Structure formats: structure tokens, C-alpha cells
2 protein chains.
Amino acid sequence: MSQKVFVSAQEVADRAGVSRSAVSRTFTPGASVSPETRQKVVEAAEALGYHVNHLARGLMRNESGIVCLIVSDMATPHRSGLIKTLTQELQHSGKIAMLVNTDLLDGSVDLALRQAIRYRADASIILSGMPDKSITQLCLKNGQRLVLINCDDEQNGPLRINLDDEEAAGRVVTAFLRAGCRRLAFANSEAGTPSLMARENGFVAAARAHGLEVVVARHGGTNYESGRILAQRLLTLAERPDAVFCATDLLACGFIDAARHQFFIRVPDQLCVAGFDDIEQASWASYQLTTFAQPLAAIAREAVSWLESSDAAKPEGQARAIRLHADLVWRGSIRGG
Amino acid sequence: MSQKVFVSAQEVADRAGVSRSAVSRTFTPGASVSPETRQKVVEAAEALGYHVNHLARGLMRNESGIVCLIVSDMATPHRSGLIKTLTQELQHSGKIAMLVNTDLLDGSVDLALRQAIRYRADASIILSGMPDKSITQLCLKNGQRLVLINCDDEQNGPLRINLDDEEAAGRVVTAFLRAGCRRLAFANSEAGTPSLMARENGFVAAARAHGLEVVVARHGGTNYESGRILAQRLLTLAERPDAVFCATDLLACGFIDAARHQFFIRVPDQLCVAGFDDIEQASWASYQLTTFAQPLAAIAREAVSWLESSDAAKPEGQARAIRLHADLVWRGSIRGG
DNA sequence: CGTCATTTTGCAAGCGCGTGCAAATGCCGC
DNA sequence: GCGGCATTTGCACGCGCTTGCAAAATGACG
């Protein structure tokens with residue numbers, strides 16, 4: 001490493017003929033600096049190519065401006081969309097996103113949170129997986145904010161953002177019944193995360209309220225391939241379902257493709273399908289999937305604004321749980337509508 | 001902010017009955033510490049919940065361990081796949097990824113690079129957009145490594161990773177000819193990035209070498225919707241193409257969907273299609289797209305290993321340009337094969 | 001037991017920055 | 001011109017860490 005790469009505030013001060021504090025104050029919003037001093041400093045900084053060292057600033061302020069995004073399956077359409085929206089929102093409020101991938105091994109969420117602590121991230125946002133309770137406690141004890149998106153847990157402290165999954169599931173039942181469907185099925189992954197289970201349970205309960213039993217099938221991860229396999233399982237049943245609610249759009253795409261290309265079943269004529277997430281592919285001509293839109297923008301806004309607010313005061317115990325509404329996007333995979 | 005949240009090395013030292021240096025050395029690989037001292041320190045650190053402050057460490061070492069990923073359209077299948085692979089590879093070598101989104105406004109790549117400098121990132125990896133030359137110079141002057149992926153530029157200093165786009169385009173021509181196609185078309189976005197243009201130019205040149213002219217159409221961004229529009233333009237031509245090479249899988253998906261659902265053209269019977277990237281959707285039953293696989297793993301490995309190597313010695317002028325091979329993945333969108 | 005080479009340890013300086021405090025400056029009315 | 005006040009400036013300390021250097025501890029050997 002070369003040693004004299006970065007320009008320090010001292011050098012700027014020397015060039016501008018002021019003290020180093022003046023330089024520091026110039027780049028600190030709300031600090032007391034006369035206009036002429038500021039001008040001199042800004043000019044010198046520009047000339048020298050000076051950039052405030054956020055590492056050092058973070059050290060002093062005890063506030064790094066870093067927010068850690070902890071996520072698995074980040075190449076998935078829904079996840080990447082959420083990441084995108086979050087980073088935008090974070091940048092918008094002057095923070096920066098650190099990305100930690102937890103696909104590698106299990107228990108790596110914990111490892112990731114440790115990493116976040118090392119870099120003194122102001123907060124961690126967990127998009128997936130359920131962190132161990134002990135670890136979240138460690139985070140909170142270290143002054144980190146914690147946001148859990150779609151991975152509800154009863155623990156206290158972090159902000160939890162979830163959707164009204166059960167209610168959405170109820171609307172699907174209504175839509176299916178209106179389309180004249182009677183043999184309902186639910187296609188789920190084996191992941192068993194709270195939001196997926198909420199959709200399943202909500203669907204089963206709502207159907208039962210109308211006197212219908214639901215065939216539930218679960219398989220593998222939340223991806224396209226699982227959707228295909230679930231279709232093979234459900235569409236070969238003696239009593240073939242005429243409507244299926246897939247826990248996820250990705251599952252739905254796989255399901256539809258298998259139904260169409262393997263069993264030559266027409267959607268929605270012979271089979272109604274609903275999904276969840278409203279990923280981009282749901283709108284593609286080959287799928288035209290009726291699904292629920294994840295309110296990405298709202299999620300990001302809630303998360304970031306909570307971080308901003310709790311920056312000022314830190315009401316330790318005042319944990320919040322936010323429940324957002326998922327809009328139903330009508331396309332062509334359910335008759336009627 | 002509460003003031004006493006983090007455990008410092010001093011506290012660990014006190015508890016372990018050693019000096020602060022001993023603590024520091026314990027967590028510095030390769031430092032001289034006796035086994036028993038190390039043990040005492042580790043125990044005390046564990047008990048107190050101590051984590052090395054990477055901000056402070058970065059300040060001293062002049063090396064933060066942060067690598068900045070600068071990317072637009074990050075929710076796109078190909079981009080998100082690359083991000084995923086890169087973060088994994090970075091974590092694997094003890095570094096951490098910082099994510100900067102450049103979708104917001106133009107010239108925001110420059111803004112992003114400034115952000116990277118502020119956090120004293122050891123390096124920046126640019127996945128999209130062409131940074132201004134002055135800004136890349138600023139980065140290099142500030143001791144940052146720079147990696148440009150698929151956005152070749154003649155500038156010196158950074159590592160440039162690209163694919164053999166022209167050669168790949170040549171193979172498409174061969175495949176199309178073997179399938180008996182004669183009226184070739186190329187569907188491109190208006191983005192005009194070097195890699196897209198290389199595919200276009202390579203395709204046109206290779207066709208010409210076989211005595212064929214190519215109809216080239218360009219529209220909008222590199223996405224599904226543009227693919228549909230390009231299909232509407234190319235498939236209504238008097239001399240309708242019987243083979244089209246789409247610069248990107250996303251374009252190809254849109255193209256195929258329009259061809260199939262709007263013009264009732266069968267792929268590959270009446271129209272051969274090739275794409276580029278091998279995004280997950282290319283393998284879906286509705287597309288079965290023959291395409292070129294981006295060697296994501298190789299790209300990530302090259303980038304990260306270069307960062308590691310140039311960590312040690314910094315041969316300023318020794319810029320490297322790497323050209324990787326894109327494997328052709330045969331599926332069903334070209335006859336024969 | 002003394003001498004010297006080797007390892008381990010502590011001291012202290014310094015990385016680049018923010019900020020409390022006191023000194024300096026400017027301004028106003030008398 | 002001068003006291004009183006508000007604003008600006010500089011000094012110096014500390015944030016948590018690494019590391020060169022010298023002192024202390026350890027071990028080997030005659």
C-alpha cells in the first residue's frame with residue numbers, strides 16, 4: 001500500500017489558511033462557520049480532491065451511516081426488487097447499504113449480523129431467514145436497530161414489517177369461488193417461513209368457512225422448479241384441482257408451465273391460478289398471473305423512516321410491528337375478475 | 001444515542017489482565033501472542049461480547065475491507081445474479097460488499113464513486129454504465145482499485161472483464177445457417193453499451209461473411225417490454241425474418257412472447273431465436289431459450305482474486321483486460337443443435 | 001550461573017475526524 | 001471609545017484501533 005493516497009482535513013486547512021476544525025465544521029451540517037471561511041475551505045477541498053473520511057467520522061459520531069442488508073436467495077426476482085428499493089431509499093436518506101449474502105451455510109445469518117456489528121452498522125435489515133434470538137439480542141445490546149421483513153417473530157425490540165397474508169388468502173378464495181371453482185389446492189414450499197404459512201393457513205381457513213377442503217402440497221424451496229414438481233403432484237390427483245393458490249409467483253410460474261406444456265391444461269379455462277409477490281415475470285404474456293403486489297416502496301419507506309426516527313431517540317422497548325396491505329393485481333389467470 | 005453501547009479493546013484488556021496491545025494482537029492474524037495470553041483475551045472478549053471495530057481498524061490500516069458494487073437495474077435477473085456471485089466471492093475472501101444503486105439520476109455513477117471514496121472502499125466494481133474518465137482517475141488517485149465488468153473502455157488503470165461477444169455472435173450465425181435460416185435479424189436496445197454493440201457488430205460481420213445482410217432494430221432499454229416492441233417491428237416486415245439474435249435474454253423473452261401470443265408464430269419451427277446471458281427464465285418451459293451463459297463464477301473469481309493480488313503490491317500502470325468465454329447453452333429455440 | 005538469541009509484552013504515537021471550551025472577533029448602542 | 005453581546009475560530013482531547021520500538025520474559029547453551 002502506498003502511504004500518502006488520501007487527502008486529510010489538515011492539508012485542506014493548510015491550503016485554505018484556516019484551522020482543521022474549520023474544515024471539519026464546513027462539512028458538518030449545522031455547524032457554525034462564516035460564509036467566507038466556508039468558501040475558502042470548499043475551494044481548497046475541491047482543488048485537493050478532499051473527501052470526508054466516513055470511517056473516522058463514524059468513529060467519532062458513534063454512527064456510521066451503514067445499514068446492513070442480510071439476505072438469502074438474493075438473485076430471486078422478488079428479493080432483488082426489494083434490495084433495489086431499499087438501497088434507493090437508504091441512499092435517499094444519506095445512508096449506505098452493506099450487502100451480506102447468507103446462502104453459503106446455515107447459521108450464516110448470525111455470522112452476517114456479527115459482520116454488521118464489526119462495521120458498526122447503525123442497523124440491520126433482515127429479508128430472510130430467522131436469526132437466532134440470542135444474536136438479535138446481541139445486536140440490540142450493541143445499539144443496532146433491527147428490521148425484520150416478512151419473517152415475523154414474536155421477539156421484542158426490532159421493527160417487524162409484514163403483510164396481511166391471511167386476509168389476502170381470503171380474497172383468493174372469494175375470487176376462485178366466483179370463477180366457479182370448487183376443488184381448491186394450495187402449493188407451498190417446505191421453507192415454512194411465517195409469511196408462507198400465513199398464506200397457507202389463511203387460505204385453508206377461508207375455504208373451510210365456505211365449506212370447502214383444500215389439498216395442500218409442499219415441496220422444496222420457493223422456486224420455479226418446485227412449482228413444476230408441485231404441479232406434477234397436484235394435477236395427477238384423482239380429483240384434479242380446478243384452482244390453485246401458489247404461495248409465491250415463482251412457484252406459480254413453474255406450476256403454470258407444467259400445467260400447460262406437460263398436461264396441456266388451459267389457464268384459466270380449466271385451471272385458475274393465483275400467486276403472490278407480483279414479480280416482473282407475473283406480467284409476462286406467457287403467464288398473465290393474477291397475484292398480490294408486494295408494496296415494495298411502502299416497505300422500504302417504513303423501514304428507513306423508522307431508522308431515521310429512532311436515530312434521534314432510542315426508545316428501547318418500544319418495538320413496532322407494521323402490517324401492510326397487499327393489493328390484488330388482476331390479470332388473466334383467474335376467470336372473471 | 002446512548003454512549004456506552006460498544007465494548008472496547010481496553011475493557012477486554014482490563015478484564016483479561018493484559019495490555020490493550022495484546023487484545024489487538026490477538027485479533028490480528030499473524031501477530032506475536034503467546035497461547036495463554038490469547039486464551040485469556042478470547043475468553044474475556046467472549047464474555048463481554050467484544051467485536052473488533054472495523055471502522056477504526058480501517059482507519060489505521062488504510063484498508064477498510066469494503067468493496068463497492070456500483071450497479072444500475074439491479075433487479076434484473078442477470079444483474080442480481082452477478083451481484084449474488086460477487087458478494088459471495090467477496091465474503092469468501094474476508095471482504096464485504098457495499099451496494100450503490102445508480103438508477104436514480106444520470107451521472108449518479110460519479111456520485112456513487114464519491115460515496116465509495118468517502119467510505120475508503122478498497123475497490124469499486126462497476127457493473128453498468130460508463131463512469132466519467134475524470135472520476136475513474138480520481139478513484140485511482142485515491143488508491144482505489146477499479147473493476148469494470150462488461151463495460152469496456154480504453155482507459156488504463158482498472159481491471160476490465162469482458163466476454164468474447166463477437167465470437168459468440170459468430171457462433172449464432174453458424175447455428176442459424178445450419179437451421180436453414182436465411183433472413184437474419186438482430187434485436188438490440190438503444191443503450192449502446194460496448195458489449196451490446198460488440199454482439200451486434202459481430203453478428204452483422206459474421207453474417208456478411210456468409211453473404212447475408214442483417215436487419216438491425218434497436219429500441220429502449222434492455223428489458224422485456226423492448227423485446228415485445230422489437231418483435232412488433234421486425235415481425236411485420238415485408239420480408240419477415242426467420243431468425244433473430246436478441247442482445248439479451250430479457251429482450252428474447254419479450255420477443256418470443258410477442259411472436260407467439262401476438263403473431264402466432266411457432267418457435268423454433270417458423271422462427272429461430274437466440275439470446276445472451278442465460279438468465280434463469282431462459283430455461284423455463286415457456287421459453288427454452290438457446291443462449292450464451294455468462295460465466296458468473298469466473299467473472300467473480302477473476303475480479304476478487306485481482307483485488308487480492310493487487311492488495312499486496314500495487315503496480316499502478318499494470319492494467320489488465322480479461323476476456324472470458326461465453327458457453328453456448330443449447331435449448332429449444334433454434335432448430336437442430 | 002552468566003550470556004545471548006528469541007519471543008512476548010507494554011508503552012506511546014498516531015490514523016482522520018468531531019466537539020467542548022475558551023479566546024478572539026465583530027457589531028451595536030451609549 | 002467602551003462595555004455587552006452574539007458569532008466565529010482555534011486549541012486540545014478523545015473515538016478505538018494498529019504498530020514500531022524498547023523493555024521484559026523465556027529458553028538454550030557453554
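To find a chain, count down the sequence lines: A is the first, B the second, and so on, and within it residues start at 1. Being a predicted model, the structure only gives us computed values, none of them experimental.
- Comparing D:dC17, D:dC11, C:dG10 by their closest approach to the side chain of B:V18 singles out C:dG10.
- Of the candidate nucleotides C:dA12, C:dT19, C:dC15, C:dC15 has the atom lying nearest to any side-chain atom of B:L59.
- Considering only side-chain atoms of B:S32, the nucleotide from D:dT9, D:dC17, C:dT9 that sits closest is C:dT9.
- Note on A:S34: a side-chain N or O is less than 4.0 Å away from OP1 or OP2 of D:dT9.
- Residue contacts shown for B:V23 are absent, as no nucleic acid heavy atom lies under 4.0 Å away.
- Atom CG in B:L55 sits roughly 15 Å away from atom P in D:dC15 (whole-Å rounding).
- Counting to the nearest Å, the P atom of C:dG14 and the CD atom of A:Q10 are 13 Å from each other.
- Of the candidate nucleotides D:dG16, C:dG20, C:dG16, C:dG16 has the atom lying nearest to any side-chain atom of A:S8.
- Interatomic distance, A:K84 NZ to B:R79 CZ, rounded to the nearest 0.5 Å: 11.0 Å.
- Between D:dG16, C:dT19, D:dT18, one nucleotide has an atom nearer to the side chain of B:N53 than all others, and that is D:dG16.
- Between A:Y119 and D:dG16, a side-chain N or O to OP1/OP2 separation shorter than 4.0 Å is absent.
- Nearest to the side-chain atoms of B:R20 among the listed nucleotides C:dT9, D:dC17, C:dG20 stands D:dC17.
- For D:dC11, its base never sits under 3.5 Å from the side chain of A:S19 at any donor and acceptor pair.
- Listed candidates were C:dT19, C:dG16, D:dT18. Nearest to the side chain of B:R61 is D:dT18.
- Nearest-nucleotide positions on DNA chain C place B:A56 closer to the 5' end than the other of B:A56 and A:F27.
- In this structure, A:K40 atom NZ and D:dG10 atom C1' are separated by 13 Å, rounded to whole Å.
- Within the 4.5 Å cutoff, the side chain of A:M74 has heavy atoms near those of the A:L99 side chain.
- Pairing each heavy atom of B:S34 with each of B:T37, the nearest pair is OG-OG1, 2.7 Å.
- If you measure from atom CZ of A:R25 to atom P of C:dC21, you get 13 Å, rounded to the nearest angstrom.
- Take the nearest nucleotide of DNA chain C for B:V33 and for A:V52: the residue whose nucleotide is more 5' is B:V33.
- Looking only at side-chain heavy atoms (C-beta outward), B:D103 and B:D73 come within less than 4.5 Å of each other.
- For A:A22, the listed nucleotide lying nearest its side chain is D:dG10; candidates were D:dG10, D:dC17, C:dT9.
- The two atoms that bring A:S93 and A:E308 nearest to each other are CB-OE2, 2.8 Å, heavy atoms only.
- Computed from coordinates, the B:D14 CG to C:dG10 P distance equals 12 Å when rounded to whole Å.
- In terms of polar N and O atoms assigned as donor or acceptor, the side chain of A:R120 never comes within less than 3.5 Å of the base of D:dG16 in a complementary pairing.
- Interatomic distance, CD1 of B:I125 versus CD1 of B:I70, reported as 9.5 Å (0.5 Å rounding).
- Counting to the nearest Å, the P atom of D:dT18 and the CZ atom of A:R118 are 12 Å from each other.
- What separates CZ of B:F6 from C1' of D:dC17 is a distance of 14 Å, to the nearest Å.
- Distances shorter than 4.0 Å separate some side-chain N or O of A:S24 from OP1 or OP2 on C:dG18.
- D:dT8 atom P lies 16 Å from atom CD of A:Q39, rounded to whole Å.
- Contact between the side-chain N/O atoms of A:R57 and the OP1/OP2 oxygens of C:dG18 is found at a separation under 4.0 Å.
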